[in-house]
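What follows is a short report on a single structure.
Every chain is numbered from 1 and lettered A, B, ... according to where its sequence line falls, protein lines coming before strand lines. Since we're looking at a predicted model, the values are computed, not measured.
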Amino acid sequence: MLEKFQELNISEEIIRALNDMGFEEPTPIQAESIPVALAGKDMIGQAQTGTGKTAAYGIPVLEKIMAAPATKDIQTVILSPTRELAVQVAEEINHLAQHTSIQALPIYGGQDMERQLRRLRKCPQIIVATPGRLIDHMKRGTIQLSHISTIVLDEADEMLNMGFIDDIKLIMGATPETRQTLLFSATMPKPIQELAENFLHDPQIIRMKAKEVTMELIEQSYIEVPDRQKFDILCRLLDLQEPDLAIIFVRTKRRVDEVSEALKKRGYSAEGIHGDLTQAKRDTVIRQFRERTIDILVATDVAARGLDISGVTHVFNYDLPQDPESYVHRVGRTGRAGQTGEATTFVIPREMEHLRTIERLIKRSIKRRKAPTLSEALEGAQQAAIRNLIVTTEEADFAMYKSNAEELLSNFDSVSLVAAAIKLLTKEPDTTPVKITEEAPLRVSRSRRREGGRKDHRSGDRREGGRREFRPRRKDHEGDSRRSQRNEGSRDRRHENGDKNRKKVHKEPNRSVFKPYFKD
DNA sequence: AAAAAAT
């Protein structure tokens with residue numbers, strides 16, 4: 001079954017590991033990348049996560065280390081944008097390396113330094129690091145990159161979005177000129193191209209076509225719903241769809257806390273994860289979710305990328321994501337490894353335009369769906385009760401109840417009895433009150449605004465008819481029009497003598513370079 | 001305007 005891997009000239013130790021891991025044949029990105037990377041060439045791989053990317057660079061990296069003379073130096077550095085991803089990548093590489101003596105060690109912030117140093121003393125050949133902590137080690141002299149032979153930049157576009165560009169340059173600068181560089185990125189914006197030009201030697205570019213990478217097996221829909229109703233609708237959907245594992249993405253850390261608390265209050269097995277939690281807590285939550293101790297994960301975009309958790313059947317965008325890119329990554333947490341998945345996005349009415357922007361950029365329309373009504377939810381709960389009843393009946397493990405049942409049947413008709421049983425088993429939707437703070441709606445995305453010309457977009461927004469009602473409601477509605485007239489006046493005055501303010505506004509960094517681009 | 005990452 002593994003011939004195709006064998007044809008790629010992979011050593012027997014790794015073939016055995018692939019067999020243990022249940023891999024049968026190379027994914028497209030693996031088939032293309034492995035020979036190139038094995039030949040020692042620099043490479044740019046444009047691929048989303050979930051395409052077998054880790055093994056695509058992990059296998060050649062391991063082969064190269066096995067072929068090289070043994071030393072105590074670190075041989076390979078893999079850079080990762082988030083801590084969770086670093087842990088996951090190190091684990092996967094250790095799986096691939098299980099029949100060799102090669103060790104991969106994750107190096108990331110928030111973890112006990114002493115413990116990390118102890119593990120470093122065991123001379124791992126591969127480290128998988130987040131940039132900040134790696135630089136910390138470099139400055140302390142506890143990690144030297146002067147002898148590495150390979151560096152991998154994983155999720156390069158995301159590291160860039162997170163402002164790691166200077167860190168990456170610093171790290172690259174500390175590595176030898178002779179190193180091999182493998183760069184992976186879902187998108188190829190300008191700064192990544194520049195990075196590649198500066199640091200890669202004659203790279204081979206491998207691009208996966210969009211349709212090979214994404215989301216054919218994911219049923220995508222959206223529901224237009226006011227913010228206040230989101231939570232109840234979410235609970236109804238959870239009850240109706242009964243996900244095995246679900247991830248709920250929200251826009252802020254605060255909402256992670258509130259939504260996960262609220263879910264727990266209503267009896268769901270949920271935990272939240274975001275960047276302000278201690279690293280120990282983050283690690284625990286991810287582990288619980290992987291082990292299915294909890295079945296709902298409420299997360300910010302910290303969990304949007306790269307995390308590969310098998311069996312996620314449902315993704316909910318409780319809040320619309322800011323970037324179309326983020327939408328793709330969030331939704332891609334389900335439908336992995338050939339499984340089907342369902343992705344439901346909540347859109348508040350005034351964010352509909354934002355949704356259209358996302359649809360345009362992902363070149364795909366998202367199906368509109370109605371929120372389940374209360375009576376549908378009740379019907380769903382009844383169906384669940386019936387399924388329960390049928391399962392119990394089929395298990396036929398109730399001999400001790402039978403004499404009572406017979407007696408009941410001599411006094412009541414059978415239909416009434418079964419109906420009563422269904423009624424008792426039906427779990428009425430929980431309406432425990434919960435508090436979730438309302439978020440300000442998203443504004444139309446940057447790219448959209450730029451279309452209208454940059455200089456005037458502020459005043460342009462004000463003139464637009466519908467725009468005014470987008471502002472938060474004040475208590476005195478009548479004063480509204482008069483107030484806006486007054487504002488007009490004060491704005492003019494600012495224009496005359498407040499040049500400094502205006503300049504500041506226009507000096508905001510031009511983020512157009514981060515605009516994701518999706519090619520077909 | 002938010003999130004991520006070094007303490």
Taking side-chain contact (heavy atoms from CB on, under 4.5 Å) as the test, write out the residues that go with A/Glu197, two or more places apart.
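Checked A/Glu197 against side-chain contact (heavy atoms from CB on, under 4.5 Å); zero matches.
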Test item: A/Lys367 and A/Gln220 side chains (from C-beta on) under 4.5 Å apart, heavy atoms
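A/Lys367 vs A/Gln220: side chains apart.
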Which whole-number value in Å describes the distance from [X] [atom1] to [N] [atom2]?
{"X": "A/Asp136", "N": "B/dA5", "atom1": "CG", "atom2": "P", "answer": "15 Å"}
{"X": "A/Asp167", "N": "B/dT7", "atom1": "CG", "atom2": "P", "answer": "13 Å"}
{"X": "A/Ile165", "N": "B/dA4", "atom1": "CD1", "atom2": "C1'", "answer": "16 Å"}
{"X": "A/Ile135", "N": "B/dA5", "atom1": "CD1", "atom2": "C1'", "answer": "10 Å"}
{"X": "A/Leu170", "N": "B/dA6", "atom1": "CG", "atom2": "P", "answer": "14 Å"}
{"X": "A/Tyr108", "N": "B/dT7", "atom1": "OH", "atom2": "P", "answer": "12 Å"}
{"X": "A/Tyr327", "N": "B/dA3", "atom1": "OH", "atom2": "P", "answer": "21 Å"}
{"X": "A/Phe249", "N": "B/dA4", "atom1": "CZ", "atom2": "C1'", "answer": "14 Å"}

Greater than 12 external heavy atoms within 6.0 Å of A/His147's NE2
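Atom NE2 in A/His147 is not packed in, count stays at 12 or less.
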[X] has a side chain; which of [options] sits nearest to it?
{"X": "A/Thr252", "options": "B/dA2, B/dA5, B/dA6", "result": "B/dA2"}
{"X": "A/Thr300", "options": "B/dT7, B/dA4, B/dA5", "result": "B/dA4"}
{"X": "A/Gln322", "options": "B/dA1, B/dA6, B/dA3", "result": "B/dA1"}

Answer with base, sugar-phosphate or nothing: what part of the nucleic acid does A/Arg255 contact at a heavy-atom distance below 4.0 Å?
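Result for A/Arg255 = nothing.
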Base, sugar-phosphate, or nothing for A/Gly110, non-hydrogen atoms under 4.0 angstrom?
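Counting heavy atoms under 4.0 Å across all strands, the contact made by A/Gly110 is with sugar-phosphate only.
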Does the pair A/Thr313 and A/Glu342 meet the rule for a side chain to side chain donor-acceptor pair (under 3.5 Å), with working shown?
CA-CA 6 Å; A/Thr313 51; A/Glu342 203 166 322; over 6 Å; no
Counterpart residues, ring pair (Phe, Tyr, Trp, His ring centres under 6.0 Å), relative to A/Phe346 (two or more places apart):
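With neighbours one apart ignored, the set is A/Tyr318.
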Which ones in residues 77-84 of chain A lie close to DNA chain B, meaning a heavy atom under 4.0 Å from one of its atoms?
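Going residue by residue through residues 77-84 of chain A, the ones with a heavy atom under 4.0 Å of DNA chain B turn out to be A/Pro81, A/Arg83.
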Below the 4.0 Å mark, does B/dA6 have OP1 or OP2 next to a side-chain nitrogen or oxygen of A/Lys139?
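The answer is no; no side-chain N or O of A/Lys139 sits under 4.0 Å from OP1 or OP2.
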OP1 or OP2 of B/dA5 versus the side-chain N and O atoms of A/Arg282: is any pair under 4.0 Å?
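The answer is yes; a side-chain N or O of A/Arg282 sits under 4.0 Å from OP1 or OP2.
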Could you check A/Glu84 against A/Ser80 for side chain to side chain donor-acceptor pair (under 3.5 Å), going step by step and ending with a plain yes or no?
CA-CA 9 Å; A/Glu84 278 73 17; A/Ser80 149; over 6 Å; no
Check this for me, if you would: do A/Arg140 and A/Asp136 make a salt bridge, where the nitrogen-to-carboxylate-oxygen distance has to be below 4.0 angstrom?
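Salt bridge flag = yes for A/Asp136 with A/Arg140.
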